[in-house]
Amino acid sequence: MPGLIQEIGIDLGTTSVLVYVPDKGVVLREPSLVAIDAGNKKIRAVGDAAQSLLSKTPGEVIAIRPLKDGVISDYFTTEKMLRNFLLRICKNKILKPRVVICVPSSVTEVEKRAVVEAAEAAGARQALVIEEPLAAAIGAGIDITRPVGSLVVDIGGGTTDTAVISFGGIVVSNSIKTAGNSFDEAIVRYIRDKYGIAIGERTAENIKINIGCVFPRDEELSMDVLGRSLVSGLPKTVNVTSSELLSPLAECFTDIIDAVQVTLSQTPPELVSDISTSGIMLTGGGSLISGCEKLLQRETGLSVTLAEDAVACVAKGTGLALSVTEYINR
Ligand code: ADP
Ligand code: MG
């Protein structure tokens with residue numbers, strides 16, 4: 001039966017959900033967001049539709065983010081959200097897909113079961129979970145089944161996860177709350193302190209993506225930034241350069257360097273020796289900040305590789321994990 005989707009991988013993130021289908025790639029990328037009717041509390045929209053409903057009719061609907069720190073904090077809404085996504089992907093309702101979902105390596109057995117139950121209740125034929133660092137490694141093209149240590153650093157929006165993987169298992173892992181969003185917050189603080197202007201986090205993210213850097217750029221960039229003057233309360237524009245953002249952003253990045261060093265210090269010497277050959281694999285959207293590889297390389301002395309399609313790595317690895325199912329938790 002051509003075209004029928006039988007196996008899918010889901011990166012159930014705190015901010016967004018990505019669905020990966022082997023041979024098709026990422027088929028869905030939407031915010032992990034549900035809009036609830038303010039009156040009768042019924043679900044009005046899910047994902048992108050929820051986002052636009054919330055911006056158009058803010059008083060009538062309430063936003064619910066059913067996941068917190070990558071864990072299901074609202075089981076009922078998570079199940080409804082998953083059902084909505086699964087139905088849209090698998091138009092055929094008779095043949096249910098097998099689903100693999102990634103979870104943070106810190107989740108408990110109870111939380112894993114909650115994810116599996118939500119997916120099965122949402123219409124999956126069978127649901128399996130895989131730990132996120134393993135998914136990130138598979139998605140980055142690492143053969144996790146080999147008895148060789150690999151160091152994967154995933155810089156997401158809310159957390160940076162560092163893990164050493166060998167023989168299909170996680171040997172050491174650490175998670176810190178400095179990640180992509182922290183860079184945005186550092187920009188908000190810098191613009192406020194330097195220019196006396198308040199900007200929103202969306203603007204800060206834009207600045208980060210367009211001109212931000214943690215290592216000097218080859219070419220100086222600048223952009224006009226519109227904010228609200230803290231003195232007059234009126235709109236005010238300033239020109240911001242990439243070189244002035246270097247120091248506040250690089251300072252923020254030191255937490256990530258420290259986390260890598262802590263992880264290495266907890267790693268058995270044989271695996272450290274493997275890593276000194278193979279280097280660090282970087283994944284996650286936060287790792288796209290300009291100069292990330294260069295700074296990490298300079299500070300750790302290890303070679304650093306930015307994974308191809310870093311943002312979709314975890315989703316891709318989750319979707320491909322079925323080919324190495326023996327490494328998936330049942
Ligand atoms: P999560 O898995 O936590 O949902 P992602 O891996 O999707 O997070 O990464 C989200 C983070 O990546 C956000 O902080 C976002 O601003 C950042 N990001 C995405 N693209 C870029 C880019 N081109 N440059 C810098 N940061 C980026
Ligand atoms: Mg992620």
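Note: hydrogens, waters and symmetry copies are ignored here, and every other heavy atom, side chains too, is used. When a ligand or atom number is given, it counts from 1 through the structure's own listing order.
Listed for the Asp274 side chain is no donor-acceptor partner under 3.5 Å among the backbone atoms of Val148. Not a single donor-acceptor pair under 3.5 Å links the side chain of Arg83 to the backbone N or O of Thr78.
For Lys24 and Tyr20, the positive end is not near the middle of the six-membered ring at less than 6.0 Å and at most 45° from its axis.
Atom CG of Asp193 has more than 12 neighbouring heavy atoms from other residues, nucleotides or ligands inside a 6.0 Å radius. In Asn40, the CG atom is crowded: over 12 heavy atoms of neighbouring residues, nucleotides or ligands sit closer than 6.0 Å. Other residues, nucleotides and ligands contribute only 12 or fewer heavy atoms inside 6.0 Å of the CZ atom of Arg146.
Residue Gly156 holds the heavy atom nearest to atom 2 (O) of ligand 1 of all those in Gly180, Gly156, Gly286, Gly212. Residue Gly285 holds the heavy atom nearest to atom 18 (N) of ligand 1 of all those in Ala204, Ala312, Ser16, Gly285.
For atom 4 (O) of ligand 1, the closest heavy atom belonging to the protein is Thr15 OG1, 2.9 Å. The protein non-hydrogen atom at the shortest distance from atom 20 (N) of ligand 1 is Leu288 CD1, 3.8 Å. The protein non-hydrogen atom at the shortest distance from atom 7 (O) of ligand 1 is Val311 CG1, 3.9 Å.
The contact set between ligand 1 and Ile289, taken as ligand atoms under 4.0 Å from a residue heavy atom, comprises 24 (N), 25 (C). Within ligand 1, counting atoms from 1 as listed, the ones closer than 4.0 Å to a heavy atom of Gly284 are 6 (O). Residue Asn181 has at least one heavy-atom neighbour below 4.0 Å for each of these atoms of ligand 1: 14 (O).
At least one N/O-N/O distance between Lys208 and ligand 1 falls below 3.5 Å. Between Glu205 and ligand 1, at least one pair of N/O atoms sits closer than 3.5 Å. For ligand 1, the polar-atom distance check against Gly157 finds a nitrogen or oxygen pair separated by under 3.5 Å. Close N/O approach between Glu132 and ligand 1 is not found [any backbone or side-chain N/O within under 3.5 Å].
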### Message
The test is side-chain hydrogen bond (donor to acceptor under 3.5 Å, both in side chains); show your working for Asn206 and Arg202 and say whether it passes.
### Response
CA-CA 6 Å; Asn206 240 324; Arg202 270 297 218 341; over 6 Å; no
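Evaluated for a side chain to side chain contact (heavy atoms under 4.5 Å, CB included) with Leu134, the options Val152, Val314, Ile170 yield exactly one hit, Ile170.
Ring geometry, Phe183 versus Phe253: the interplanar angle falls under 30°, so the pair is classed parallel (tilted spans 30 to 60°).
Neither the backbone nor the side chain of Thr159 has any atom closer than 4.0 Å to an atom of ligand 1 (non-hydrogen atoms only).
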